[in-house]
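Order of the sequence lines sets the chain letters (A, B, ...), proteins ahead of strands, with each chain counted from 1. Keep in mind that this is a model prediction, so the values were computed, not measured.
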Protein chains: 2
Amino acid sequence: MNQAISLPGDAPVSIQALKTSCAACSMHQLCLPMGLEDADINRLDQIIGGRRRLAKDERLYQMGEPFTSLYAVRFGHFKTYQVNAAGEEQITGFQMAGELLGMDAISGAHHCDAVALEDSEVCEIPFARLEELFGQVPALLRHFHRIMSQEITREQNVMLLLGNMRAEQRFAVFLVNLSARYAARGYSPNSFQLRMSREDIGNYLGLTIESISRLLSRFKKQGWLQVDKREVTLLDPAKLKALAAGLDACSPMG
Amino acid sequence: MNQAISLPGDAPVSIQALKTSCAACSMHQLCLPMGLEDADINRLDQIIGGRRRLAKDERLYQMGEPFTSLYAVRFGHFKTYQVNAAGEEQITGFQMAGELLGMDAISGAHHCDAVALEDSEVCEIPFARLEELFGQVPALLRHFHRIMSQEITREQNVMLLLGNMRAEQRFAVFLVNLSARYAARGYSPNSFQLRMSREDIGNYLGLTIESISRLLSRFKKQGWLQVDKREVTLLDPAKLKALAAGLDACSPMG
DNA sequence: CGAGTCATTGATGAGGTTCAAGTGGGGTGG
DNA sequence: CCACCCCACTTGAACCTCATCAATGACTCG
């Protein structure tokens, strides 16, 4: 429990390790190391269990598996979903680079499945070792609490979406949210590829695949966006934001 | 940050303090002190900021307020709800004795409002002092992480409910969940009072007040429960659990 | 007693699901 | 290289669940 890791930060490091160190990772401003000093980032680096590659549709973990590690997405995209006794699935989130997977499992076992939407890579963070590090790096603990808290807030926003919004508004929220997250990663906020199927989007938003298809067609006809297969371009982001905020009337699906 | 609180556990304690200490609180097996040793419970006691009484409909905190403390419900019931830009509200949870309020705010500011459903009392837990204690009582930190993780899982279950279930199933889930939580507190699992209005239930479940009223009437007619105002008696808990699990066909609302 | 709040019940229809058919790549095999 | 199939998606039509609107009832408080 209190066995401190006392490796100095200047221990020899292989090129491979350097290439995959937190300090060198383009996501370190968004991910767990955010705001840490270099020395502390190194300590975090040393507990990272390893990187794991996943092919499209490969599963990272499954409901019921015992909890051992959190995972940070290095690149690629994931979906997490819950399954209930009757076999109904609900996608609870889509995760992209720099985001953390597995926080619902800290209570003991995984409560949802995580599946790669495309070829992806994660950093494995053994939680027992992370806990040790919390005692030595208070800034890390504080940031970890912020991340968990933000996850709670994110889910509350989805509850608001599922409980109160019409289809049009839900879909606008979804697009605007993706846009903001890509922008935070330095990508274009108005042109991106949907990494998930229409079915996944529908499941996440509490709608059917047909509804998503109709919404895309309608938004396109209104001139709010362009679609080509999974490539989306937001042509009127302001309008979409207004829709998402509920400041603009919602028309039915026809 | 590292200024340890070094009061011994056997310092003189007033009767008032004893009456409200964690060790003496009937909720200490469910609340934050769960599983702690007596000495550590005392240390936790000493950082509790104070107890605060709230009248029915009084607000504990509000969206946008800066975060300073978590709150543990001593007795009474609360609801938490989010409000978006358009003024739409979504109740994100109902909290009862032994449950923690404010975890969504650790990221900096409160993201929802918390309101007492009846005369209630909370323990204020200044988070800065709790963080100090985390460094000294690892078991407390671990349990805190479990609690936050469980909150994430709870919300994912609500997402499943709002995204996938029909009205009948949602309402059954709601009743079965209340039943289990009262059971865990030593109360009757099959007879309890709804502390929230029909409107609150409807808002939480993504339904209207009329739907809740019809569901209650229908469940009553089916002989699954009795209702008298807010007093509910589950007459066929097994049937309700089957409905909640989705193992039983759902009939429409008529 | 009247005003106000909360809940019940009925009638109607909107919003989105369900069912069904069709389209359009992208891959595979002949 | 084309024919074929498979899958994800699109589009249309009918249906259904639940929201909405409206009227009424029950209880509380001044």
Side-chain angles (χ1 to χ4, degrees), chain A residues 56-57 79 88-91 117-118 161-174 193-222 225-232 243 246 249-254, chain B residues 55-57 79 88-91 115 117-118 161-174 193-222 225-232 243 246 249-254:
Chain A
K56 179 171 154 69
D57 295 329
K79 65 176 172 183
E88 297 157 332
E89 293 184 3
Q90 170 71 36
I91 293 179
L117 293 171
E118 59 186 334
L161 179 148
L162 292 172
N164 278 301
M165 298 183 189
R166 315 233 134 275
E168 187 175 60
Q169 188 178 2
R170 294 187 197 187
F171 191 56
V173 168
F174 172 73
Q193 206 191 13
L194 300 173
R195 296 335 203 281
M196 65 295 287
S197 68
R198 307 282 197 269
E199 184 160 20
D200 282 343
I201 299 174
N203 182 304
Y204 177 61
L205 297 178
L207 301 169
T208 58
I209 180 173
E210 293 96 331
S211 291
I212 300 303
S213 189
R214 282 184 244 271
L215 283 163
L216 272 170
S217 301
R218 218 147 54 75
F219 280 27
K220 189 163 62 173
K221 198 184 299 181
Q222 298 279 357
L225 50 71
Q226 272 185 328
V227 200
D228 179 31
K229 305 193 211 177
R230 294 193 174 180
E231 190 69 31
V232 173
L243 277 178
C250 250
S251 36
M253 303 223 7
Chain B
K56 179 170 153 69
D57 295 328
K79 64 175 172 184
E88 297 157 333
E89 293 185 3
Q90 170 71 36
I91 293 179
V115 167
L117 292 172
E118 60 186 333
L161 179 147
L162 292 172
N164 278 303
M165 299 182 189
R166 311 236 140 277
E168 188 176 57
Q169 188 178 1
R170 294 188 197 186
F171 191 56
V173 167
F174 172 74
Q193 206 191 11
L194 300 172
R195 299 330 204 282
M196 64 297 286
S197 68
R198 306 282 198 269
E199 184 159 20
D200 282 343
I201 300 174
N203 182 303
Y204 177 62
L205 297 178
L207 302 168
T208 57
I209 180 174
E210 294 95 331
S211 291
I212 301 303
S213 190
R214 280 185 244 271
L215 283 163
L216 272 170
S217 299
R218 215 146 57 73
F219 280 25
K220 189 162 64 173
K221 199 184 298 182
Q222 297 279 358
L225 50 72
Q226 272 184 331
V227 199
D228 179 31
K229 304 195 214 178
R230 293 192 174 182
E231 191 70 31
V232 173
L243 276 177
C250 249
S251 36
M253 302 222 8

Expressed as a whole number of angstroms, how long is the span from Glu210(B):CD to dA22(D):C1'?
10 Å
Taken to the nearest whole Å, CG/Leu194(A) to P/dT10(D) is 10 Å
Just to be sure I understand the rule, does Ser197(A) reach a base, reach only the sugar-phosphate, or reach nothing, if contact means heavy atoms closer than 4.0 Å?
sugar-phosphate
As a test of reading the structure: which of dT18(C), dT8(C), dT10(D) is closest to the side chain of Ser213(B), going by heavy atoms?
dT8(C)
Spacing of Asp228(B) atom CG and Gln193(B) atom CD [to the nearest 0.5 Å]
10.0 Å
Shortest non-hydrogen pair, Phe174(B) vs Met196(B), comes out as CZ-SD, 3.9 Å
Between P of dA8(D) and CZ of Arg214(A), the distance in whole Å:
19 Å
Whole angstrom is fine here: how far is it from CZ in Arg230(B) over to C1' in dC27(D)?
12 Å
What closest approach, in Å, do Leu161(A) and Arg170(A) show between heavy atoms, and which atom pair accounts for it?
O-NE, 3.5 Å
Atom CG of Leu161(A) and atom P of dG16(C): how far apart are they, to the nearest Å?
12 Å
Any Ser217(A) side-chain nitrogen or oxygen under 4.0 Å from OP1 or OP2 of dT11(D):
yes
If you look at every heavy atom in Leu243(B) and Phe219(B), which pair is closest and at what distance?
CD1-CZ, 4.2 Å
Rounded to whole Å, how long is the line connecting atom CD of Glu231(A) with atom P of dC9(D)?
14 Å
Grab the CZ-C1' distance between Phe219(A) and dT10(D) for me, whole Å please.
17 Å
Just to confirm, is there a sub-4.0 Å distance from OP1 or OP2 of dT10(D) to any side-chain nitrogen or oxygen of Arg198(A)?
yes
With heavy atoms under 4.0 Å as the rule, sort Gly202(B) into base, sugar-phosphate or nothing.
nothing
Which atoms form the tightest heavy-atom contact between Leu215(A) and Leu207(A), and what is the distance?
CD1-CD1, 4.1 Å
Of all the choices, dT28(D), dA7(C), dT17(C), which nucleotide is nearest to the side chain of Ser211(A) once you look at every atom?
dT17(C)
Quick one: Ile209(A) CD1 to dT11(D) C1', roughly how many Å, whole number?
12 Å
